[in-house]
Amino acid sequence: MRTRFHRLKPISTQSATTCMLQVLRDRIIEDMTAILEEWGCEAVAVANPVEINEYTDEEKGLVATPVAFQLASELGRPPADIAADLAAAFRDRGPIGGIDTIETVGGYINFHVDEAFTTRTLEVILEEDAEYGVVEDTVESALFEFSSPNIAKPMHIGHLRNTVLGDVLGNVLEARGYDLVRDNHIGDWGVQFGHILYEFEQAEDTDRFESEPIDYLLELYQRYGRHEAELEEKDRTDDLEQLRDTGREYFARLEAGEEELRALWEQFSEASRDRFETTYDGLGVDFDTWHGESFYVTESWTSRVRERATESGIAVETDDGASVIPVFDDDLTAVEDPERADVRTDADVAEDDTDHEAFVITKRDGTTTYGTRDLATIAYRVEQGYDELFYVVGSEQREYFQQLFAAARKLGYTDVRFTHVDYGLIDLPEGSMSTRAGRLITAEDVLDQVRENARSVVEENDPALDAPTTSEIADGVALGTVRFENIAKRRTKNTTFDTERATSLEGDTGPYVQYAATRGLNILLEADEVPEPGVVADQPFNEFDHQLAVQLARYPLVLERCEERYDPAPLAQYLLDLARVFNKLYHENRVLDADQSRERRLALVAATVEVFETAFEVTGIPMLRRM
RNA sequence: GGGCACGUAGCUCAGCUAGGAUCAGAGCGUCGGACUUCUAAUCCGACGGCCGUGGGUUCAAAUCCCACCGUGCUCGCCA
């Protein structure tokens, strides 16, 4: 699915991407620093002295600085005067490549880019090809955990968001120089499997597992929930405890390795993984490893961290035989950061101390908890030698992860960086999702609905199209819709799921962006060859051409911003902008039959398609030949 | 109650990290225009907002600080 429809030959290979805007900004800052030093005002230097505007016009420069305002009180002169002097000083220092004129408007100093900037931008994109915006030197090796569905349950729209967000963010980090191992940390262990195993043994309809394994397992899970609820409702407290004990006992037997239960569990696990594979195929998502939680139990990592905790004295045994690591409030400062984290390495808890939480690593029945397995996972990953561990997990687990990281530091895992990439919850109009209550929308349901919507649009637009092509386009549009939808919002936002909106193909959506890219691609396919920007640089560009070139220049900065925020949303927003600007150009300008600008515009369109393709690879949005 | 997020047009959201200049933006919805042209899944226009509230910092605040209000999540020997 990540095929590129065309590939432009690289003219030269470059090790690192060139961001024209970055080059300009750095140069201007350099000059400005020198000037301010001459003036004796270097102390005024501020965090962000030079701004890059998204658009350029007659008045505003693409690059500008309001630094004169900051100097005004220092120098006791009006900003406009200072700006004029500064601009003159800039001019005296000689020309800046890519900058044409330096003008002032009030206290602003505007740097207007020239044609050489535009040409160079196009050249860089066409030369660097798929490497445009990419940082090639490896900065860090990291384990990147995302998706992580639970077996015996279907993937729902929450997993969908996690999976797409995680996959795209992973791509962003790789483009920014991270060496990632993607791990699907399957939720395949815990007392809930004791519950399911118990219900399975009680059930008389177990033959249904063969034909519809996931639905059946889900039903068993819900059955247990109903049994609990019934007893609770009737206030049969003793029976309820009895049921819970039994569930715990089944899990304890599973964890102890009882063969019969283990064999059943294997079947559950395998059926679930098969189903997940299908969903991931449809989404175009891949993992390097699928170590589930069970892996760390089976491979004795849980025992190892327990021993380590006990021997080092950071864990204490409670009266009823459980083992806990006390995590104090003070332990939680900057736990993610290996440089700044500072935790207590004893477990001396005064009788009435309340400034700590007990992080349980052995329950009183001897079994592991989610936390035990996560610590074991950290132990394993640290031994693998990663610099950083990423966790793409919902924000509802924020406090938990703080405690987990603190516990890991106490265990002596002090060199690795932890990053919890949290994101807002998705709930339904009727309330929060509940698998147990059957209140959920599955990922497959959403995909199917979008495919159906897409198919009917394709059939309406192009009734003569053959069936396979229709499906191919519909699938491509559906994937583009779902992937875009799940990354376009800032990740910290909560969302109430709206089926109509989430499956819509109109407005600020994936198909809008795909359509623009497809139009561009078709212009290229009509043209026989793409000229070199430098050779045709004397052909005229109008404002639409220039706006588009400016958008293209921004791309590397957008990727950088995505990395800084650990959020692909800025990239999605950028794609909307790029598509808008391109659509406008498409409407206003002719390319193939332009009088004087044909070749230069072809280079511009080629660069645009290149950026679309590169960004599509990052976001996993398919590039379509037609739609 | 403590902690963490979020609060911008009727609705869904950008913009906030690094405060700047018509910076109040997009989409949906509503109304009205544009296909003999490289695909109209497009484009253009109109309508629509004291940027939750109140203070503060600053030459300058949607953006930073404080307080408050509202919403969500969280504080399990669940995951």
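Each chain gets a letter, A, B and so on, in the order its sequence line appears, and its residues count up from 1.
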Worksheet item: For B/rG7, does OP1 or OP2 lie under 4.0 Å from any side-chain N or O of A/Arg490?
Response: yes
Response to the item:
Between CD1 of A/Ile523 and P of B/rU42 the distance, given in whole Å, is 16 Å
Discussion item. Work out how far the C1' atom of B/rU37 is from that of B/rC51, and round it to whole angstrom.
Written reply: 43 Å
Worksheet item: Is A/Arg565 near enough to B/rC16 that one of its side-chain N or O atoms lies under 4.0 angstrom from OP1 or OP2?
Response: yes
Worksheet entry | Side chain of A/Lys489 - closest among B/rC4, B/rU12, B/rA41 | B/rU12
Worksheet item: Got A/Val482 and A/Glu485 here, is their nearest side-chain heavy-atom distance under 4.5 Å?
Response: no
Discussion item. Quick check: closest heavy atoms across A/Val191 and A/Arg248, and the distance to 0.1 Å?
Written reply: CG1-CG, 4.4 Å
Worksheet item: Heavy atoms under 4.0 Å, any strand shown: does A/Arg364 hit a base, just sugar-phosphate, or nothing?
Response: base
Item to complete: Indicate yes or no for a side-chain donor-acceptor contact from A/His587 to the backbone of A/Lys584 under 3.5 Å, with no hydrogens or angles considered.
Response: no
Discussion item. For A/Thr163 and A/Ser147, which I'm curious about, is there any donor-acceptor pair between the side chains at under 3.5 Å?
Written reply: yes
Discussion item. Can you see if the side chain of A/Lys60 gets near the phosphate of B/rU22 - specifically, an N or O under 4.0 Å from OP1 or OP2?
Written reply: no
Discussion item. Ring centroids only, cut at 6.0 angstrom: are A/Phe484 and A/Tyr512 within range, meaning strictly under it?
Written reply: no
Fill in: Nearest-Å distance once atom P is located in both B/rC47 and B/rG32
15 Å
Worksheet entry | Proximal nucleotide (of B/rA21, B/rC44, B/rU39) relative to the A/Tyr515 side chain | B/rU39
Discussion item. So if I apply the side chain to side chain donor-acceptor pair (under 3.5 Å) rule between A/Tyr423 and each of A/Thr492, A/Asn162, A/Asn486, A/Thr495, which one comes out positive?
Written reply: A/Asn162
Item to complete: May I ask you to evaluate whether A/Lys493 reaches the phosphate of B/rA14, defined as a side-chain N or O under 4.0 Å from OP1 or OP2?
Response: yes
Discussion item. Looking at B/rA79, I'd like to know if its phosphate oxygens (OP1 or OP2) sit under 4.0 Å from a side-chain N or O belonging to A/Arg373.
Written reply: yes
Worksheet item: CD of A/Gln403 to CG of A/Leu332: how many Å apart, nearest 0.5 Å?
Response: 6.5 Å
Discussion item. Over all strands shown, is A/Glu564 touching base, sugar-phosphate only, or nothing at heavy-atom distances under 4.0 angstrom?
Written reply: base
Discussion item. Between A/Thr368 and A/Arg373, is there a side-chain donor-acceptor contact under 3.5 Å, judged purely by atom types and distance?
Written reply: yes
Practice prompt. Pick out which of A/Leu165, A/Thr619, A/Val168 makes a side-chain contact (heavy atoms from CB on, under 4.5 Å) with A/Arg483.
Written response: A/Val168
Response to the item:
Between CZ of A/Phe582 and P of B/rC43 the distance, given in whole Å, is 12 Å
Item to complete: Look at the side chain of A/Asp365 against the base of B/rC77 and say whether a donor-acceptor pair falls under 3.5 Å; ignore hydrogens and angles.
Response: no
Fill in: Between B/rG1 and B/rG15 - P atom distance, rounded Å
31 Å
Practice prompt. Nearest whole angstrom, please: distance from the C1' of B/rA79 to the CD of A/Glu145.
Written response: 12 Å
Worksheet item: When rounded to the nearest Å, what value does the distance between C1' atoms of B/rU12 and B/rC69 take?
Response: 24 Å
Discussion item. Nearest 0.5 Å, please: how far is CG in A/Leu505 from OG1 in A/Thr481?
Written reply: 5.0 Å
Worksheet item: Does A/Asn461 put a side-chain nitrogen or oxygen below 4.0 Å from OP1 or OP2 of B/rA41?
Response: yes
Worksheet, complete the sentence: Dot-bracket for RNA chain B, 5' to 3', Watson-Crick and G-U pairs with both distances under 3.5 Å, [ ] for crossing pairs, | for partner on another strand, reads (((((((..((((......[....)))).(((((.......))))).....(((((..]....))))))))))))....
Item to complete: Quickly work out the A/Tyr221 OH to B/rA79 P distance and round it to whole Å.
Response: 10 Å
Item to complete: Using a 4.0 Å cut-off on protein heavy atoms (strictly under), produce a 5'-to-3' string for nucleotides 32-37 of chain B with B for base contact, S for backbone-only sugar-phosphate contact, and - for none.
Response: -----S
Discussion item. Suppose you measure atom P in B/rA34 against the same atom in B/rG19; what distance do you get, rounded to whole Å?
Written reply: 47 Å
Item to complete: Scan residues 573-581 of chain A against RNA chain B and write down, sorted by residue number, each residue with any heavy atom closer than 4.0 Å; if none is found, say none.
Response: A/Gln573, A/Arg580
Worksheet item: What nucleotide among B/rA40, B/rC78, B/rC11 has an atom nearest to a side-chain atom of A/Lys363?
Response: B/rC78
Response to the item:
Here the distance between atom P of B/rG72 and atom CE of A/Met433, to the nearest Å, is 16 Å
Worksheet item: 5'-most contact on RNA chain B: A/Asn589 or A/Gly321, nearest heavy atom basis?
Response: A/Asn589
Discussion item. Let's see if you can work this out: which of B/rC77, B/rG76, B/rC38 has an atom nearest to the side-chain heavy atoms of A/Val360?
Written reply: B/rC77
Worksheet item: Say you pick atom C1' in B/rA67 and the same atom in B/rC28; how far apart are they, in whole Å?
Response: 36 Å
Worksheet, complete the sentence: Winner on side-chain proximity to A/Gln192, out of B/rC4, B/rC44, B/rA79, is B/rA79
Worksheet entry | Nucleotide of B/rA41, B/rC77, B/rA21 approaching A/Val105 most closely (side-chain heavy atoms) | B/rA21
Discussion item. As a test of reading the structure: which of B/rA21, B/rU74, B/rC43 is closest to the side chain of A/Ala64, going by heavy atoms?
Written reply: B/rA21
Practice prompt. Could you check if the base of B/rC28 is syn or anti? Syn means the glycosidic torsion is within 90 degrees of 0.
Written response: anti
Discussion item. For a quick check of understanding: with a heavy-atom distance under 4.0 Å over all strands, which category does A/Leu585 fall into, base, sugar-phosphate or nothing?
Written reply: nothing
Fill in: Cation-aromatic face contact A/Arg519/A/Phe582, 6.0 Å, 45 degrees
no
Response to the item:
Picking from B/rA79, B/rA40, B/rA21, the nucleotide nearest the side-chain atoms of A/Asn110 would be B/rA21
Item to complete: For the side chain of A/Phe69, starting at C-beta, report the closest nucleotide among B/rA18, B/rA79, B/rC59.
Response: B/rC59
Worksheet item: Which whole number of Å gives the distance between the P atom of B/rG7 and that of B/rC16?
Response: 12 Å
Discussion item. For A/Asn589 and A/Asn542, which I'm curious about, is there any donor-acceptor pair between the side chains at under 3.5 Å?
Written reply: yes
Fill in: A/Tyr400, nearest nucleotide to its side chain (from B/rC13, B/rC77, B/rA79)
B/rA79
Item to complete: May I ask you to verify if any side-chain N or O of A/Asn494 is less than 4.0 angstrom from the OP1 or OP2 atom of B/rC6?
Response: no
Worksheet item: Does the side chain of A/Thr369 pick up a donor-acceptor pair with the side chain of A/Thr372 at under 3.5 Å?
Response: yes
Discussion item. I want to know whether A/Phe405 and A/Tyr391 have ring centres closer than 6.0 Å.
Written reply: yes
Worksheet entry | Short side-chain N/O contact to B/rC6 OP1/OP2 from A/Thr492, under 4.0 Å | yes
Worksheet entry | Atom P, compared across B/rU63 and B/rG56: separation rounded to whole Å | 14 Å
Discussion item. I'd like to know if A/Arg601 and A/Asp545 make a salt bridge, using a cut-off of under 4.0 Å between side-chain N and carboxylate O.
Written reply: yes
Discussion item. Just the rounded figure in Å: distance from C1' of B/rC78 to CD of A/Glu293.
Written reply: 11 Å
Worksheet entry | Residue whose closest nucleotide on RNA chain B lies nearer the 5' end, A/Val477 versus A/Gly371 | A/Val477
Worksheet item: Of A/Trp265, A/Tyr370, A/Phe295, which is the lone residue that meets ring pair (Phe, Tyr, Trp, His ring centres under 6.0 Å) with A/Trp189?
Response: A/Trp265
